[in-house]
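Ligands are counted one by one from 1 in listed order, and the atoms in each one are counted from 1 as well. Remember, predicted model here, so these are calculated numbers, not experimental data.
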Amino acid sequence: MTEDAIGVIRRDGRTDPFFDGAAEDRLMTRRCEACGRWYAPDATGCAGCGAGDLAWAEASGEAVLVSWAVARSRTGPPAPLALVELAEGPWMYARLASVAGPREGLPLRVRFVHPDEGESHPVFEERRG
Ligand SMILES: [Zn+2]
């Protein structure tokens with residue numbers, strides 16, 4: 001692994017569907033089956049209705065940029081890390097492709113990286129058109 005960035009989701013058993021989805025170019029996140037609210041992939045319960053169990057659901061992959069930082073890694077190139085707001089509502093941490101002028105509210109679309117080593121993962125890049 002070359003990523004030391006804080007906040008990026010790691011495979012830990014509980015988040016396997018996220019990474020299995022990424023391997024198939026699908027952005028999987030959490031949704032409450034009881035009330036329909038969407039949550040980040042690492043959410044554990046529904047703050048809206050109190051349900052303790054969240055289902056996995058496929059998000060559209062469209063998002064806007066909320067904030068970003070360049071995470072310095074000891075072993076790899078600098079990796080822009082972003083906090084994005086998915087079109088469905090939840091915020092999640094993800095990697096950001098190099099965009100020319102990052103700004104709050106920048107429209108983004110997900111694509112997936114399938115490295116030779118390590119997990120497939122989403123990267124958000126600027127959405128055009
Ligand atoms: Zn709920």
Please say whether more than 12 non-hydrogen atoms of neighbouring residues, nucleotides or ligands are located less than 6.0 Å from CD in Glu24. yes
Is the number of heavy atoms from other residues, nucleotides or ligands within 6.0 Å of CG (Asp16) greater than 12? yes
Between Arg128 and Glu126, is there a salt bridge with N-O shorter than 4.0 Å? yes
Hey, which protein N/O/S atoms does the Zn ion (ligand 1) have under 2.8 Å? Cys32 SG, Cys35 SG, Cys46 SG, Cys49 SG
Are Ser60 and Glu88 linked by a side-chain donor-acceptor pair shorter than 3.5 Å? yes
Pair Asp20 + Arg11, salt bridge at N-O below 4.0 Å: yes
Inspect the contact between Glu125 and Arg109 and indicate whether a charged nitrogen and a carboxylate oxygen are less than 4.0 angstrom apart. no
